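Report on one structure; see the data block that follows.
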Amino acid sequence: MVVLRSFLGVLGLAAVSGAFRTSLTLKDFREQMVELESKENHGINTRDVDPATLYPIHTLQVPIDHFHNDSKYEPHSNGTFGLRYWFDPSRYKAGGPIIVLQGGETSGADRLPFLQKGIVAHLSEATNGLGVILEHRYYGKSFPVPDLSTENLRFLTTEQALADMAYFAQHIVFPGLEHLDLTAPKNAYIAYGGSYAGAFVAFLRKLYPNVYWGAISSSGVTEAIYDYWEYYTAARLYAPKECVEATQKLTNVIDNILGKDGQASSALAQRLKAAFGLGNLTRSDDFANSVSWGIAGLQLTNWDPAENSTDFGLYCANISSETILYPEAAAAPGLKAEVQSLITAGGYGDELEILTPQMLNYIGYINRTVVRTCGANQDVCLTNFNSTFYRQDNIKQVWRAWPYQYCTEWGYLQTGSGIPADQLPLISRLIDLNYTTVVCREAFNITTPPNVEIINQYGGFNISYPRLAIIDGEKDPWRAATPHAIGLPERESTTSEPFILIRDGVHHWDENGLFSNETTPELPPRPVAEAQSAEAEFVKAWMVEWRKSRCKRPAKR
């Protein structure tokens, strides 16, 4: 799912390419716009030849509205728009599959490394296939409308985008290959997607089985969930024990001081904010959110050093250390005594020896990753409440697309309030559904929960179909929304329906790859290499089945 900066607070989780996130804040939306503009002007930041120079942009005109009998799309449109795609025919031989990677909730240009040396290149090499990156409507530059007003977002639904991908396979004529009919169902189309796009291609295989011969759903979040507090389960289970315990206890200190409704003693709450260097931040829920980003960094870890973010490890090393790591925090007049007073007020006065250095390190970490990036006007920088911003809906407001999808259909609001009462949360309980749905109300006037049944009707946790592969990561924060969720019955993995859990894997770790001269005995790690090898083998088996099916079809008279 870019070379990352040293601290999460510098860039923000949501601004990192391929970082599938919901519960996004206004700060995240601003950073998305800055990042997109930078990429359009300067290209993808990569250690290799920029793939944008290797693969020209192409467009296919597709219908804006595929469903003229459905009243929710009224007023209907008879128009078309240019859906962007990129392709690589260098490995293609007659009879090979067309392997289409669905770009999902970001610019399709972000996915070009997968065409260059990632999963699409890997599968194309193994099967003599033609690789494609297909952009999702309303992302990148594939806009079917002139602005992103709520009315014009009515065509941004999963079913419309699925119909785009089917239409693409049935109508595409690849430039330079006009002499070949490479459409479906005359050719075997194999879909691949990671995360949202992983769920997407699983649904595609089930809804359009005569168009797409097979699909690989990697970290596919096939079960839509409104309050997705389970996002932090992976960190609780797999992060270092000391990191988890320190985060839980210090978060509980914060919640006990702020109160569940954020209306605790204003003097004590103000002292807490000031100790963290966030004394100019008005709202308690904004404060609680601003100190929560470190533990969310697990998703950005990757086996490839060029793609990996070390922020999660840095955060855990900071907060779990009983040695003070930030001299400026230790030297601040009265800060140590204030921290001890706050810990005591938060209910942990009997653990001062361990929690005092940990909280001082937490404060030092927040100072470097959050406070220094904001300047004096912390409300402008960090609040999630700004009606004027949310009302913007011109075509440059690219942040509007994914929140609209999760506010209407997908959910996945990552809360601390939803965590069971008998479990200490890793993020504040002040981060609740009211806080995480601000964008739904302010940007789109949506005041009801998303209709997750629109998504779950396709199978949810139990989705299954011939030639549909389910690939997930053991330590993925999104695992709890996939068919590999802990507690679900184990499935047999077969050639027709592969069911693979990548040991130690996080978020769609099979998607990116290395050039052959970059591999080492350690890279890719064995579980990833084995998963990628298995993908090549079962897709080759699917192609054997495809050829047999073609031979059995009666000849046309």
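Count residues from 1 along the sequence. Everything numeric here is computed off the predicted structure, so don't read it as measured data.
- R467 is not listed as a side-chain neighbour of Y212, based on a closest heavy-atom distance of 4.5 Å or more.
- Residues L177 and Y92 fail the side-chain proximity criterion, which asks for heavy atoms closer than 4.5 Å.
- When only modelled atom types and interatomic distance are considered, T437 and R441 share a side-chain donor-acceptor pair under 3.5 Å.
- Contact between A443 and T150 at its shortest, heavy atoms only, is O-OG1, 3.5 Å.
- Shortest non-hydrogen contact noted between Y435 and D286 is OH-OD1, 2.7 Å.
- The heavy-atom pair separating S292 from I427 by the smallest distance is CB-CG2, 3.8 Å.
- Using a 4.5 Å heavy-atom cutoff, the side chains of T436 and Y406 are not in contact.
- No side-chain donor from either of S218 and E511 sits under 3.5 Å from a side-chain acceptor of the other.
- Judged by distance alone, the side chain of N456 and the main-chain N or O of A224 form a donor-acceptor pair under 3.5 Å.
- For D70 and H76, the side-chain atoms include no donor-acceptor pair closer than 3.5 Å.
- Between V132 and F168, the shortest heavy-atom contact is CG1-CZ, 3.9 Å.
- Between H136 and S142, the closest side-chain pair of non-hydrogen atoms is not below 4.5 Å.
- Annotation: side chain of I190 is not in contact with side chain of T127 (no heavy-atom distance under 4.5 Å).
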key: Derivation and outcome, side-chain contact (heavy atoms from CB on, under 4.5 Å), residues V506 and N302   = CA-CA 7 Å; V506 187; N302 197 286; over 6 Å; no

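- Counting all heavy atoms, side chain and backbone alike, T482 lies closest to G220 at CG2-O, 3.3 Å.
- Judged by distance alone, the side chains of E409 and T157 never bring a donor and an acceptor atom under 3.5 Å apart.
- Residues W410 and T158 have side chains in contact (heavy-atom distance under 4.5 Å, counting atoms from C-beta outward).
- Atom CG of N394 has more than 12 heavy atoms from other residues, nucleotides or ligands within 6.0 Å.
- Between T408 and N451 there is no side-chain heavy-atom pair separated by less than 4.5 Å.
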request  = Applying side-chain contact (heavy atoms from CB on, under 4.5 Å), run through V528 and I502 and close with a yes or a no.
outcome  = CA-CA 6 Å; V528 173; I502 300 176; 4.1 Å; yes

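- Side-chain atoms of Y138 and Q405 form no donor-acceptor pair, as typed in the model, at a separation below 3.5 Å.
- A side-chain donor-acceptor contact under 3.5 Å links H122 to the backbone of Q532.
- Under the salt bridge (charged side-chain N to carboxylate O under 4.0 Å, His left out) criterion, E223 pairs with no residue at all, not counting sequence neighbours.
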task = Carefully, step by step, assess Y192 and D510 under the rule side-chain contact (heavy atoms from CB on, under 4.5 Å).
result = CA-CA 11 Å; Y192 178 97; D510 60 313; 3.0 Å; yes

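- Taking the six-membered ring where tryptophan is involved, the planes of Y390 and W399 are perpendicular, since the angle between them exceeds 60° and thus also 30°.
- Relative ring orientation between Y231 and W478 is described as perpendicular, the plane-to-plane angle rising above 60° on a 0-90° scale split at 30° and 60°.
- When all heavy atoms of V370 and S290 are compared, the pair lying nearest together is CG2-O, 3.6 Å.
- Using cut-offs of 30° and 60° on the angle between ring planes, the pair F200 and Y196 is perpendicular.
- No side-chain donor-acceptor contact under 3.5 Å links D65 and S77.
- Between F155 and Y73, the angle of the ring planes stays under 30°, which puts this pair in the parallel group of the 30/60° scheme.
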ask   = When you look at I216 and V539, which way does the side-chain contact (heavy atoms from CB on, under 4.5 Å) test go after all the steps?
value = CA-CA 9 Å; I216 302 173; V539 171; 3.9 Å; yes

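- Between the E135 side chain and the K141 main chain, a donor and an acceptor come within less than 3.5 Å of each other.
- Of the possible donor and acceptor atoms, none in the side chain of R111 sits under 3.5 Å from a partner among the backbone N and O of G108.
- A cation-pi contact links R283 to F385, judged by a cut-off of 6.0 Å to the six-membered ring centre and 45° from its axis.
- Annotation: side chain of L413 is not in contact with side chain of Y228 (no heavy-atom distance under 4.5 Å).
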